[in-house]
Enquirer: 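Input: one structure, supplied below.
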Amino acid sequence: MAARRLSWRIWGGLARRVLLASSLFLGGAAAAGTIVEATYGDPTDRYAHGVLGDAIEWGALEIVVEDWAHRTKMRFVLPEDRVFEDVAPRLVDVTGDGKPEVVVVESQQSSGAQLAIYDATGKLAATPHIGTRNRWLAPIGAADMDGDGFVEIAYIDRPHLAKTLRVWRFRDGALREVASLPGLTNHRIGERDIGGGLRVCGDKIEMITASANWSRVIATSFENGSLSTRDVGPHTGRASLNAAMECN
């Protein structure tokens, strides 16, 4: 059974903020080196959800850590009741030390998906699981969205059901939810990628998604502890989300 192709974009930096362009991230740190690559391995059909268009998920995370003299490959293999239910791992500097960690979507057989952060030692932090089997989340991006020096990570909680934007801040080694907003989505069942993402235009960071009924493209910003939205225009397919990612 053919697995979906993994492709991902690296998200670059903007001064104190980490921009994660589209639905992938950049940043993170390893104890004695820098994580420079991350891929999924061990394709498996043990989690029968198929939200990304096929029956294949992933049983392992493979990373490459590089220092001045060596490249070290490492593998983190999940137990049988878990999979990485995701399009690709994302590199992002969550801790703020200038080196990347890896941001993933990890699902458990009975409790569904969580967003997790891995470094070279293993799982560093994670959100709670959604709580029910076959319930998923779709990442948007990560950045210091409000300029407080800490990275926020955003995703759509159950993009086919709850359609709720959630923003989590990484601080003191843990993730804490700091904002949420219903009525937004970024994925339809069967799509092999995630629409929209995080854009930076000048000093302004915005999360690009669709409205819950897929009629409009919405830009959402996180400032002063709250979320605010603006209507960008009609949603006419993936091209309209892609166009909204540009600074025009």
Side-chain angles (χ1 to χ4, degrees), residues 4-14 17-27 51-53 85-92 103-105 113 115 127 130 135-146 151-168 177-223 226-248:
R4 55 186 172 272
R5 184 172 65 89
L6 292 182
S7 62
W8 51 286
R9 282 178 273 179
I10 291 180
W11 304 6
L14 178 68
R17 304 182 181 189
V18 180
L19 164 64
L20 303 186
S22 178
S23 32
L24 303 177
F25 308 59
L26 175 78
V51 72
L52 288 163
E85 188 179 15
D86 203 0
V87 295
R90 305 150 184 85
L91 300 182
V92 54
V103 176
V104 300
V105 180
L115 185 135
T127 66
I130 289 172
R135 297 295 181 265
W136 187 63
L137 62 87
I140 297 171
D144 179 6
M145 297 183 198
D146 58 356
V151 170
E152 286 81 36
I153 305 178
Y155 62 76
I156 298 295
D157 175 3
R158 292 160 289 175
H160 324 116
L161 295 170
K163 300 182 180 181
T164 298
L165 168 64
R166 298 193 186 278
V167 179
W168 295 73
E177 187 173 4
V178 292
S180 65
L181 182 69
L184 301 170
T185 190
N186 59 352
H187 185 268
R188 287 184 169 115
I189 293 174
E191 289 179 335
R192 293 175 178 248
D193 63 348
I194 297 168
L198 217 170
R199 79 174 193 176
V200 175
C201 299
D203 288 333
K204 190 171 184 63
I205 296 179
E206 294 181 301
M207 295 164 272
I208 302 298
T209 64
S211 59
N213 64 2
W214 291 96
S215 65
R216 310 298 297 179
V217 175
I218 305 296
T220 304
S221 58
F222 176 65
E223 298 175 309
S226 64
L227 295 165
S228 59
T229 64
R230 64 185 185 89
D231 190 311
V232 176
H235 178 270
T236 57
R238 189 51 53 84
S240 56
L241 288 173
N242 293 341
M245 292 293 295
E246 304 298 326
C247 299
N248 297 320

Enquirer: CD1/I140 to CD1/I153 distance, rounded to the nearest 0.5 angstrom?
Expert: 12.0 Å
Enquirer: Name the one of T236, V232, T209 that satisfies side-chain contact (heavy atoms from CB on, under 4.5 Å) with V217?
Expert: V232
Enquirer: Could you grab the distance from atom CD1 of I218 to atom CG of D231, nearest 0.5 Å is fine?
Expert: 4.5 Å
Enquirer: Once rounded to the nearest 0.5 Å, what's the spacing between atom CD of E206 and atom CE of M245?
Expert: 10.5 Å
Enquirer: As an exercise, state the distance from OG of S228 to CD of E223, rounded to the nearest 0.5 Å.
Expert: 6.0 Å
Enquirer: Please report the interatomic distance NZ(K163) to CZ(R158), rounded to the nearest 0.5 Å.
Expert: 12.5 Å
Enquirer: Can you name the residues that form a salt bridge (charged side-chain N to carboxylate O under 4.0 Å, His left out) with R166, not counting sequence neighbours?
Expert: D157, E177
Enquirer: Could you tell me whether the side chain of W136 and the main chain of E85 form a donor-acceptor pair under 3.5 Å?
Expert: yes
Enquirer: Could you walk me through whether Y155 and V105 satisfy the side-chain contact (heavy atoms from CB on, under 4.5 Å) test, starting with their C-alpha distance in whole Å, then the side-chain angles of each, then the deciding distance to 0.1 Å, before giving a yes or no?
Expert: CA-CA 10 Å; Y155 62 76; V105 180; over 6 Å; no
Enquirer: Can you name the nearest heavy-atom pair linking V200 to C247, along with the distance?
Expert: O-SG, 3.3 Å
Enquirer: Please report the shortest heavy-atom distance between L137 and P159, naming the atom on each side.
Expert: CA-CD, 4.3 Å
Enquirer: Test of understanding: with salt bridge (charged side-chain N to carboxylate O under 4.0 Å, His left out), list the residues that count as partners of R238, not counting sequence neighbours.
Expert: E191, D193
Enquirer: What closest approach, in Å, do D86 and A88 show between heavy atoms, and which atom pair accounts for it?
Expert: OD2-O, 3.3 Å
Enquirer: Report yes or no: does E152 contribute a side-chain atom to a donor-acceptor pair with the main-chain N or O of M145 at less than 3.5 Å?
Expert: yes
Enquirer: Do L184 and M207 touch side chain to side chain, with heavy atoms closer than 4.5 Å?
Expert: no
Enquirer: Using only atom types and a distance under 3.5 Å, with no angle test, would you say the side chain of R199 pairs donor to acceptor with the backbone of A244?
Expert: yes
Enquirer: Indicate the atoms forming the closest heavy-atom contact of G141 with L198, along with that distance.
Expert: C-CD1, 3.4 Å
Enquirer: For residues N186 and P139, report the shortest heavy-atom separation together with the two atoms involved.
Expert: ND2-O, 3.6 Å
Enquirer: Going from CG on L241 to NE2 on H235, what distance comes out if it is rounded to the nearest 0.5 angstrom?
Expert: 4.0 Å
Enquirer: Determine the minimum heavy-atom distance between L165 and A154, stating which atoms define it.
Expert: CD1-CB, 4.1 Å
Enquirer: Is it true that a side-chain atom of H187 and a backbone atom of I194 form a donor plus acceptor pair closer than 3.5 Å?
Expert: no
Enquirer: Heavy-atom distance under 4.5 Å between the side chains of R216 and P234, does that happen here?
Expert: yes
